[in-house]
There are 2 protein chains.
Amino acid sequence: MPLSPVVKEISIAVIKTACSNCNLRELCLPFGLSEEEMARLDELINVRKRIKRGEHLYRAGQPFESIYAIRSGFFKTDVLLEDGRDQVTGFQMAGELLGLDGISNEHHSCNAVALEDSEVCHIPFSRLENLSREIQTLQHHFHKVMSREIVRDHGVMMLLGTMRAEERLAAFLLNLSQRFTARGFSHAEFNLRMTREEIGSYLGLKLETVSRAFSRFQEEGLIAVQQKHIRILNIPGLKQIMSHHNH
Amino acid sequence: MPLSPVVKEISIAVIKTACSNCNLRELCLPFGLSEEEMARLDELINVRKRIKRGEHLYRAGQPFESIYAIRSGFFKTDVLLEDGRDQVTGFQMAGELLGLDGISNEHHSCNAVALEDSEVCHIPFSRLENLSREIQTLQHHFHKVMSREIVRDHGVMMLLGTMRAEERLAAFLLNLSQRFTARGFSHAEFNLRMTREEIGSYLGLKLETVSRAFSRFQEEGLIAVQQKHIRILNIPGLKQIMSHHNH
DNA sequence: TTGCACGGTTGACATGGATCAAACCCGTCT
DNA sequence: AGACGGGTTTGATCCATGTCAACCGTGCAA
């Protein structure tokens, strides 16, 4: 059966996806819900999409109708200016939500691209609003998630506004490490899913600067880098880089 | 009657404040509500606080229990790093909401300071959640407001990550102009409420750089600056500065 | 009225990161 | 196996913005 051009780029698998037995439920939307409440959430979240590396989950300008919970994989979001400049606004991993920016004016305001083969749960937003009018816990948790996104963005603004290159990269690595840990992965060893250029775009730096900072950290014994493979050797050392911001 | 030290710094006036006859209702939370729904919102928003110039509406770390709608005046929000660095994360004016960042972990994550004598409406958050479980329009509008904040933050990240000094300042001025216009003020002439240092902090620049950029714009006939008084003479010119980002 | 304090402006100079360019590494295709 | 291409590393140089310092303007207090 032929697929339309639009659908072709992401294959939709209508697999019954249950929050109730998802191991990410404590990181994700169902956090704090009772069994019975979770069952009601399950009714609404029943489509899972697979997105292959490099494909868009959504694009800026497309009508907004759903948010997405990442079940597995890794994404970036970015915004584009008319003159071609773009900036990565975030990297998202399992258990995190994508698409919250689209609520504001019924259209997505950024692009979401998979950086590795990924799976997301499709959450129709108006049905989520309906359900969260009935389940207070869900309502409150959703508000917390949105608020957390605002706080995170303030952190990035701080980083972009006041930190120098090496501080930014240290903050970035520590943040990744901490999020991997929360998902049960090694806090000290991981593969970067994004290029130096994407890291640079996120951190407001050029790719060469990112590369040099990696090399510098390696020379100082803080990390071991081998292309995309990172081993963090000295977490306190990285933290220290963030604190003494002169030289 | 003596006031406690905590209360002393902001004088609370328990004046009946009605959204229903507030001229900011179309910019603010009541947007889109029917008369009857607005009356229910009125029941919940019945305390107005006056905050004098320089005083804090709230501070980072304080327990969160309310959000605030600005009735009149002008605020800045800023975050502080342990090592003393701080950054202004936004400037807020009448009709805008303050405190959304506090939802995420029951504590405010930034400081909100009045830049001129101001008045805010006090909106107990749990009561707002209760009401928005009953009024779909309110619920949806509140979600839009939070989402808009996220989109705004992405814009600031873009600005901090990719723009040069003069582009940032042009973007800043155009944004202010546009928000003043939306509130019925002149789009071309206004007084800045913040210092050069605060502008710089927001834009990720030093105050001297901000000052030089103002002077440069003046030389080029784009604006007329006289200390805090700004007159915008050439809006297309400012827009153009933002677009050609090389030299 | 004078003087002080705070914010703003301007200049001279220093520097972190951008830019430009070459070479390298690694996986993939032929 | 060889060649190609995307991503990365490293070096040399440049420039926008930071830093430091002097001075100015305005409003408030004595």
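The sequence lines fix the lettering, A, B, ..., with proteins before strands; numbering per chain opens at 1.
Checked by atom type and distance alone, the side chain of A:Arg71 never pairs as donor or acceptor with a backbone atom of A:Ala69 at under 3.5 Å.
Side-chain contact between A:Ile235 and A:Leu174 is present, with heavy atoms from C-beta onward closer than 4.5 Å.
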ring-ring contact (aromatic ring centres under 6.0 Å, His included) for A:His187 and A:Phe180? Distances and angles first, verdict last. CA-CA 6 Å; A:His187 65 288; A:Phe180 279 127; over 10 Å; no

Does B:Ser243 form a side-chain hydrogen bond (donor to acceptor under 3.5 Å, both in side chains) with A:Asp83? I'd like the steps, not just the answer. CA-CA 6 Å; B:Ser243 44; A:Asp83 61 3; over 6 Å; no

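Nearest nucleotide to the side chain of A:Thr195, out of C:dG8, D:dT8, D:dT10: D:dT8. The listed nucleotides are C:dT9, C:dG17, D:dT8; the one nearest the side chain of A:Arg164 is C:dG17. Distances were taken from every side-chain heavy atom of B:Ser211 (C-beta onward) to each of C:dG8, D:dG18, D:dG7; the shortest belongs to C:dG8. Taking only side-chain atoms of A:Thr209, from C-beta outward, the nucleotide of C:dG11, C:dG17, D:dT8 with the closest atom is C:dG17. With C:dA12, D:dT17, C:dA21 as the choices, the nucleotide that has an atom nearest any side-chain atom of B:Arg212 turns out to be C:dA12. When distances are taken from the side chain of A:Ala165 to each of D:dA21, C:dG17, D:dT17, the shortest belongs to C:dG17.
Between the two ends of the helix from C:dT1-D:dA30 to C:dT30-D:dA1, each summarised by a five-pair axis, the helix axis turns through 30° (rounded to 10 degrees).
If you check every strand for non-hydrogen atoms under 4.0 Å, B:Leu207 touches a base. No contact: A:Gly200 has no heavy atom under 4.0 Å from any strand.
Across the protein-nucleic acid pair, B:Leu205 atom CG and C:dG8 atom C1' stand 16 Å apart, rounded to whole Å. D:dG25 atom P lies 19 Å from atom CZ of B:Phe214, rounded to whole Å. The interatomic distance linking A:Glu208 (CD) with C:dA22 (P) rounds to 14 Å, in whole Å. Following rounding to the nearest Å, B:Asn191 (CG) and C:dG7 (C1') show an atom-to-atom distance of 15 Å. We find that CD of A:Glu219 is positioned 12 Å from C1' of D:dT9, with the value rounded to whole Å. The separation between B:Leu203 atom CG and D:dT17 atom C1' is 14 Å, rounded to whole Å. Rounding to whole angstrom units, CD of residue B:Glu197 and P of D:dG18 are separated by 13 Å. Between the CD1 atom of A:Ile223 and the P atom of D:dT9 there is a distance of 10 Å, rounded to whole Å.
In terms of heavy-atom proximity, A:Ser118 sits nearest to A:Gly73 at OG-CA, 3.3 Å. Nearest heavy atom pair, residue B:Arg59 against residue B:Asn111, reads CA-OD1, 3.3 Å.
For B:Phe64 and B:His107, the gap between ring centers reaches or exceeds 6.0 Å.
With hydrogens and angles ignored, no donor-acceptor pair closer than 3.5 Å exists between the side chain of A:Gln226 and the base of C:dC26.
OP1 or OP2 of C:dG8 lies within a sub-4.0 Å distance of a side-chain N or O belonging to B:Lys228.
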Hey, can you pull the donor-acceptor pairs under 3.5 Å for the side chains in residues 199-215 of chain B, sequence neighbours left out?
residue, atom, partner, partner atom, Å
B:Ser201, OG, B:Val88, N, 2.8
B:Tyr202, OH, B:Arg152, NH1, 3.3
B:Ser215, OG, B:Ser211, O, 3.1

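Along DNA chain C, the nucleotide nearest to A:Lys206 and the one nearest to B:Gln227 differ in position, and the one closer to the 5' end is contacted by B:Gln227.
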